[in-house]
> 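Got a structure here, written out as structure tokens. Questions coming.
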There are 2 protein chains.
Amino acid sequence: MLVHDESAAVHLLQRQAIKPTAQRVEIALLLLQEHQHLSAEQVLERLRRRGKAVSKATVYNTLRLFAARGIVQQVIVDPERVFYDSNTSDHFHFYNVDQGALIDLAPDELHIPELPALPSGTVQEAVDVIVRIRDK
Amino acid sequence: MLVHDESAAVHLLQRQAIKPTAQRVEIALLLLQEHQHLSAEQVLERLRRRGKAVSKATVYNTLRLFAARGIVQQVIVDPERVFYDSNTSDHFHFYNVDQGALIDLAPDELHIPELPALPSGTVQEAVDVIVRIRDK
DNA sequence: GTTCATGCAAAGGATTTGCAAGTTA
DNA sequence: TAACTTGCAAATCCTTTGCATGAAC
């Protein structure tokens, strides 16, 4: 869910029983202003560019917390870094390996038919589809 | 492609213009004896268990080389480790997040319909489908 | 006042790399 | 011999953690 102002961000965090500290609100405002995919380092860099002083540890801790609460979603496509996706609804991704950039597939662009039966004793958690692409 | 004896392993490597050193042949024989998904550390551990002395650096270098030559395929599902898949044909995976284990989906179990149009200026490299599961 | 969060620096863990010694063709 | 590979240890990179200071309720 996107938020565009501080009070919306504060409410979102409170709804998840997260104390809305200044740093967390800043990170929420940055990440949830639009659908995007950012690594922890990218979040840190953009906060800095905005003149916000947030430590690396807090960025990592906060992103982990947000992911655990379902405010953002981790995307695992590259062993080098985890991406955090502000779009938490069901959708799939292109991953441009040359640019290290994720792009959403429109939800109607790819439809997964029936899923196969799961191994017994397991439950489904998520389905990830990554179309890996590179520059021509 | 699987190999079950030393001479087949040597030929496979030579076909890819890879010098068939003792260590590389051992790794190929271990990995390509059957369809499986092993991390670098698992490969190292199994080599040791077989009494083969191969350094960690060589295991990592060799797996990277094999992947670059298409002898095995990297599978990115966990930020903690890369898996190497001895099955290089088109197929998808379950990933049991509790066990850290990959399981092949039978190729006919999930059929991806038409793929969406790629972003312009890009070419497709691969399609990964991961069904994340956990123990009930 | 407690409890929780922040931030620094240090610790961790997977992977890569520099380089000297050993191997391969 | 010329080129490449191995293996050790050190270096990297991303991420987590310990702990003292600081903020929140």
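Chain A is the first sequence line, chain B the second, and so forth, proteins listed ahead of strands; every chain is numbered from 1.
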> Is A:Leu31 close to A:Ile71 at the side-chain level, that is, under 4.5 Å between some pair of heavy atoms?
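No, every pair of side-chain atoms sits at 4.5 Å or beyond.
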> Could you pull out all residues at least two apart from A:Arg69 that satisfy side chain to side chain donor-acceptor pair (under 3.5 Å)?
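Partners of A:Arg69 under the side chain to side chain donor-acceptor pair (under 3.5 Å) test: none.
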> Going by side chain to side chain donor-acceptor pair (under 3.5 Å), name the residues that satisfy it together with A:Ser86, two or more places apart in sequence or in a different chain.
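Counting only residues at least two positions away or on another chain, A:Ser86 forms no side chain to side chain donor-acceptor pair (under 3.5 Å).
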> Rounded to whole angstroms, how far apart are CZ on B:Phe83 and C1' on C:dA14?
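These atoms are roughly 12 Å apart.
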> Contact list please: residues 65-76 of chain B against DNA chain C, heavy atoms, distance less than 4.0 Å, in numerical order.
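Close to the strand, none.
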> A:Leu44 and A:Val54: which non-hydrogen atoms are nearest, and at how many Å?
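Closest approach of A:Leu44 to A:Val54: CD1-O, 3.4 Å.
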> Checking A:Arg134 now: which residues fulfil salt bridge (Lys or Arg N to Asp or Glu O under 4.0 Å) with it, not counting sequence neighbours?
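With neighbours one apart ignored, the set is B:Glu125.
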> Out of B:Arg49, B:Gln42, B:Arg48, which one pairs with B:Glu45 under the side-chain hydrogen bond (donor to acceptor under 3.5 Å, both in side chains) rule?
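When side-chain hydrogen bond (donor to acceptor under 3.5 Å, both in side chains) is applied between B:Glu45 and each of B:Arg49, B:Gln42, B:Arg48, only B:Arg49 qualifies.
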> Could you give all pairs that pass the salt bridge (charged side-chain N to carboxylate O under 4.0 Å, His left out) test and reach residues 25-39 of chain B, with sequence neighbours left out?
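Every salt bridge (charged side-chain N to carboxylate O under 4.0 Å, His left out) pair that includes a residue of residues 25-39 of chain B, provided the two are not neighbours, is B:Glu26-B:Lys52.
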> Heavy atoms of chain A, cut-off under 4.0 Å: which first and last nucleotide of DNA chain D, 5' to 3', fall inside that, if you could look?
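On DNA chain D, the outermost contacted nucleotides are D:dC14 to D:dT17.
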> If I take atom NZ in residue B:Lys56 and atom C1' in nucleotide C:dT16, what distance separates them, rounded to the nearest angstrom?
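Atom NZ in B:Lys56 sits about 12 Å away from atom C1' in C:dT16.
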> Taking CD from B:Glu80 and P from C:dT15, how many angstroms apart are they, rounded to a whole number?
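It works out to 9 Å between those atoms.
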> At under 4.0 Å between heavy atoms, how does the protein contact nucleotides 17-25 of chain C? Give one character per nucleotide, 5' to 3', with B, S or -.
B--------
> Which pairs pass ring-ring contact (aromatic ring centres under 6.0 Å, His included) with one or both residues in residues 27-46 of chain A, sequence neighbours excluded?
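Checked against ring-ring contact (aromatic ring centres under 6.0 Å, His included) - neighbours excluded - the pairs reaching residues 27-46 of chain A are A:His37-A:His93.
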> How long is the line joining CG of B:Leu38 and P of C:dT15, in whole Å?
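Result: 13 Å.
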> Over how many whole Å does the gap from B:Leu63 atom CG to C:dT15 atom C1' extend?
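Answer to the nearest Å: 11 Å.
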> Does the side chain of B:Leu38 come within less than 4.5 Å of B:Phe83's, by heavy atoms?
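Answer no - side chains too far apart.
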> Rounded to 10°, tell me the angle between the two end axes of the helix from C:dG1-D:dC25 to C:dA25-D:dT1, each built from five pairs.
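End axes: 30° apart.
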> Nearest heavy atom decides the nucleotide; on that basis, is A:Val54 or B:Ser39 closer to the 5' end of DNA chain C?
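Between the two, 5'-proximity favours A:Val54.
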> Decide yes or no for B:Leu102 and B:Val77: does some side-chain heavy atom of the first lie under 4.5 Å from some side-chain heavy atom of the second?
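In short, these two side chains touch, coming nearer than 4.5 Å.
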> Taking only residues two or more places apart in sequence, or in another chain, which ones meet A:Pro119 in a side-chain contact (heavy atoms from CB on, under 4.5 Å)?
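Partners of A:Pro119 by the side-chain contact (heavy atoms from CB on, under 4.5 Å) criterion, ordered by chain and then number, come out as A:Thr122, B:Phe94, B:Ile103, B:Ile133.
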> Output a table of donor-acceptor pairs, distance under 3.5 Å, between side-chain atoms of residues 6-22 of chain A and any protein atom two or more places apart or on a different chain; print 'none' if there are none.
from	atom 1	to	atom 2	distance (Å)
A:Ser7	OG	A:Asp5	OD1	3.2
A:His11	ND1	A:Ser7	O	3.0
A:Thr21	OG1	A:Arg24	N	3.3

> Mind jotting down which residue pairs meet the side chain to side chain donor-acceptor pair (under 3.5 Å) criterion with at least one end in residues 71-82 of chain A? Sequence neighbours excluded, please.
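For residues 71-82 of chain A, and leaving out neighbouring residues, the side chain to side chain donor-acceptor pair (under 3.5 Å) pairs sorted by first residue read A:Gln74-A:Tyr84, A:Asp78-A:Arg81, A:Asp78-A:Tyr95.
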